[in-house]
Structures are given as structure tokens and as C-alpha cells.
Protein chains: 2
Amino acid sequence: MDEETDGVPQNRPAARDVDATDRKILGVLVDDATISYAELGDRVGLSPPAAHERVKRLRRSGAIRNTAAIIDPKAVRKPLLAFVHIDTKGWGKTPELMAISERPEVEEIHSVAGDTCMLIKVRTEDTRALEGLLSRLYETPGVTSTRSYVVLSTYLERPVQPGITTEWPSPRHMAKPLY
Amino acid sequence: MDEETDGVPQNRPAARDVDATDRKILGVLVDDATISYAELGDRVGLSPPAAHERVKRLRRSGAIRNTAAIIDPKAVRKPLLAFVHIDTKGWGKTPELMAISERPEVEEIHSVAGDTCMLIKVRTEDTRALEGLLSRLYETPGVTSTRSYVVLSTYLERPVQPGITTEWPSPRHMAKPLY
DNA sequence: ATTGATACAGAATTTAATACGGCCATTATG
DNA sequence: CATAATGGCCGTATTAAATTCTGTATCAAT
């Protein structure tokens, strides 16, 4: 399958919201984006060109950000996964922190509600490499402390799922919210 | 681009380790797996069939786990990202916890070193849905407490990078490890 | 030195992506 | 209310890419 490169949506042209068919398409393509439009059409009940048209729209609108190869971390020698909380004086996207983000080992950087703290996901070859990354983080100006959570084993890891939005059963002890 | 479905590697047939060319290929395909083999070959200095052969091998060996559409969480109405630590009595992949993993909102479940605790990444439509998920988690047998980290903003989020393994400069105050 | 295996390039073939035209349904408009 | 305009789809035709095939060079092991 394929066509023009997925681009980041610079502008928001046709932001029609995704319908049930689009979700089905997304569900299929998250599992496997290497199938043909004929196969995709079959699975969601469309002709190949119609499926193609939908996918093009999903790309244009930015619903599909990218079509990417998912790499096994072990294959590229990064078997060690860790999450790091760093407490910072104030928030921010400091230049020092952004320098850290250029390391290929760093996969995610989020700022977190409550404390002034950042949550970072890293994948390294071994504990030695993790140590280097951590000491670099600790030396970053504004960082007051770090806590690391080294992952022993991963039970589930998957990309964003389109999933049909279903309701959770309200816990009995919980009142319906006012708004 | 593409061919037969990426399969999970049941057996380990040709586990030759990835060389520099393979890393280049992975680097390109992580960015954009929709390019043609001609284009891929150009970028890494191979003929189209040779590039194709490499990619097939990377799939067979499991280095490329999947080729997937990356979805914008906002497009599927999941703008809220949170990490949840749950403390558990003992470890484990209890049936109850595994039931949680079937919710499409749950993206990752890891067990963590040190405490007996699990780290869970979830993405929901709103705080209401998060609340439902959390109360469900708290009601899971064996769970003694939960802590949630709601993400305010994400500065970096990307897939596993093949990256050329480079050395960190050893911190000056740190001795070389003995092994 | 010879054999075998591996990786590659180039050409040939098959398959899939893409472009085009027409149809139907829904929605906007006079 | 009638009618135009739009959007989404299908079927077909064309073009481009994936895939197969064959020969060759390189390297390793016998």
C-alpha cells in the first residue's frame, strides 16, 4: 500500500470528524498498514478506491499522523526500559532538557499535573547507559531530584487504539457528576 | 510499499544482527513506511530489490514488529493522558489486571523494580472516563493503592529509534565500573 | 584452489496504487 | 417544491511499484 508521504497537517482543511467506518479503518491500519486497499476495502465494506479516498482524508486531516515501522527494542540493543520522574524548580521546556530529548534513548517527555515534575520514558542498552542518562538529567539546571522506575517486564504495549467509545459502568458509590 | 503481513516471529530463523545498513533502513521506515522500495533504496544506497530483501529479513527476524498507522489521540477523542502507579500485594499478571488491559484506553502495563508495583499508561476522553478506569483499577483484587500522574503537556513522544549507539561521556566523579 | 553461501543489481512479470467518469443520495438554494 | 450542487461511492483504465527471476561478485570454509 502506499502513496504520498504522510505529512504533518500544517493547516486543518477537512476536519470532518471520524465516523464509524473511519474508526474501523484506523483499527485495521493500526494492526497492519501493509495490506492493499483491496484488502482494506474488503474488511470495512468499501471498494478499493473508496477505502483509498478515506485513508487519504484521514492522513490529510492528521488523524493518521504517520505510517511507521514499529521496531523491536531488543533488535536495536535497547532492552532496558525505565520511567524517570524529575522534580524541577518551575516548569518548562528548558534548553537543557530539550537537549536531552535529542538522545535517541529518550522516547517521551511529559509535564505532569500537581507537582512541578516531568515524566520521562527512556530505553537504554544497559544499566550503565541508564546511569549516564540519569546523571545527565540530574545535572540539568533546575532539576532538584529524580526518581527512576526501572521496568522488570512489560505485559502490554501497544499504539493508540481507535476503539469504539464505550461507557464505564458508574461505580455505585459515585454520584453522577453535575456537568 | 508492501507485501505479506508482518507476522510475529514464532521461530527465530535468521537472527543475524542488524548492521549499519539495517539501522539506516529502520531509521527511514520509522519516519515513513509509505515510501517505495526505490525511494528506500536510494536513501540507503541499495537497489530496490536489495532494499526489499533487507526489509523482508528485518520483518522475518522480528526487528520490525509491525508496520502501523500512528493515530492522533485527539482524532479518536482521547486527549487525556495519564500514568498510574498501582501498588500490589505481590506481582503479577492477575486475571483481573489482564481484564483491564482489554480496554482500548490502556496502552501500556509494566511491572516495576523495587516496590511491588505496576505502571500503567492510559489515554481517555476526559477526567470522568479516567475516574472510571481508576476506580476499576482500585477495585482490582491485590491492589492496595494507586497514584495517578495526569499529563499536562507532552514535549516529546516518538517510537523506538534505531539510533547509532553512542557513548555517554563518563561523569568525571564516577569511576569506571569493574565489569 | 574450489565449493558454497550471501548479498546484490538488472530485467521481466505480476500486482497494486492512482486517476477518471458516472451514479446515487443528501443538502443547499432559488 | 423543484433543482442545482456536493460528497461519497463504484467500476474501469492507466500507471507505478512490488515481486520474481537470473546472473554475478564477494567472502568463508573446506
Side-chain angles (χ1 to χ4, degrees), chain A residues 1-7 9 11-70 75 162, chain B residues 1-7 9 11-70 75 162:
Chain A
M1 155 158 201
D2 163 80
E3 70 238 63
E4 83 289 348
T5 260
D6 308 311
N11 37 15
R12 219 146 261 302
R16 217 205 49 170
D17 68 339
V18 297
D19 63 14
T21 304
D22 289 328
R23 282 192 184 250
K24 274 202 252 179
I25 289 174
L26 293 174
V28 171
L29 294 185
V30 162
D31 261 14
D32 184 359
T34 69
I35 60 174
S36 67
Y37 288 112
E39 172 75 17
L40 177 60
D42 265 356
R43 297 212 200 154
V44 303
L46 287 176
S47 71
H52 184 206
E53 203 53 53
R54 290 264 189 170
V55 172
K56 273 197 290 188
R57 200 183 47 193
L58 288 167
R59 287 199 220 268
R60 272 200 313 270
S61 73
I64 296 178
R65 283 182 169 165
N66 191 9
T67 299
I70 309 298
Chain B
M1 155 161 195
D2 205 273
E3 67 239 73
E4 84 286 350
T5 259
D6 309 311
N11 37 16
R12 228 149 253 301
R16 217 207 48 173
D17 67 339
V18 297
D19 63 13
T21 304
D22 288 327
R23 282 192 185 251
K24 274 201 252 179
I25 289 174
L26 292 175
V28 171
L29 294 185
V30 162
D31 261 13
D32 185 358
T34 70
I35 61 175
S36 68
Y37 287 112
E39 172 74 18
L40 177 61
D42 266 356
R43 297 213 201 154
V44 303
L46 288 176
S47 69
H52 185 204
E53 204 52 54
R54 290 264 189 169
V55 173
K56 274 198 291 188
R57 201 183 45 199
L58 288 167
R59 287 199 220 267
R60 271 200 312 271
S61 73
I64 296 178
R65 283 181 170 165
N66 191 8
T67 299
I70 310 297

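We name chains A, B, ... by the order of the sequence lines, and we start the count at 1 in each one. Worth knowing before you read on, the calculation uses all heavy atoms, side chains too, and leaves out hydrogens, waters and symmetry mates.
Listed pair H52(B) / dA18(D) fails the phosphate criterion, with no side-chain N or O lying under 4.0 Å from OP1 or OP2. Using a 4.0 Å cut-off, some side-chain N or O of R57(A) falls inside it from OP1 or OP2 of dG8(D).
A salt bridge does not link R43(A) with D31(A): none of the charged nitrogens is closer than 4.0 Å to a carboxylate oxygen. Ion pairing between a basic and an acidic side chain is recognised when a charged N comes within 4.0 Å of a carboxylate O; R54(B) and D19(B) show such pairing. Between E53(B) and R57(B) there is no salt bridge, since no side-chain N of the basic residue sits under 4.0 Å from a carboxylate O of the acidic one.
In this structure, R60(A) places its CZ atom 13 Å from P of dT18(C), rounding to the nearest Å. Rounded to whole Å, the distance from NZ on K56(A) to C1' on dA19(C) is 8 Å. Atom-to-atom, CG of L46(B) to P of dT19(D) comes out at 16 Å; the value is rounded to the nearest Å. The CD-P distance, from E39(B) to dA17(D), rounds to 10 Å in whole Å. Atom CD1 of I35(A) is separated from atom P of dT15(C) by 18 Å (rounded to the nearest Å). Atoms CZ (R54(B)) and P (dA7(C)) sit 7 Å apart, rounded to a whole Å.
Looking at every heavy atom in both residues, N66(B) comes nearest to V30(A) through ND2-O, 3.4 Å.
In this structure, P49(B) reaches the bases: a heavy-atom distance under 4.0 Å links it to at least one base atom across the strands shown.
Of the listed nucleotides (dA17(C), dT19(D), dC10(D)), dT19(D) has the atom at the smallest distance from the side chain of Y37(B). With dA9(C), dA18(D), dC9(D) as the candidates, the nucleotide lying closest to the side chain of S36(B) is dA18(D).
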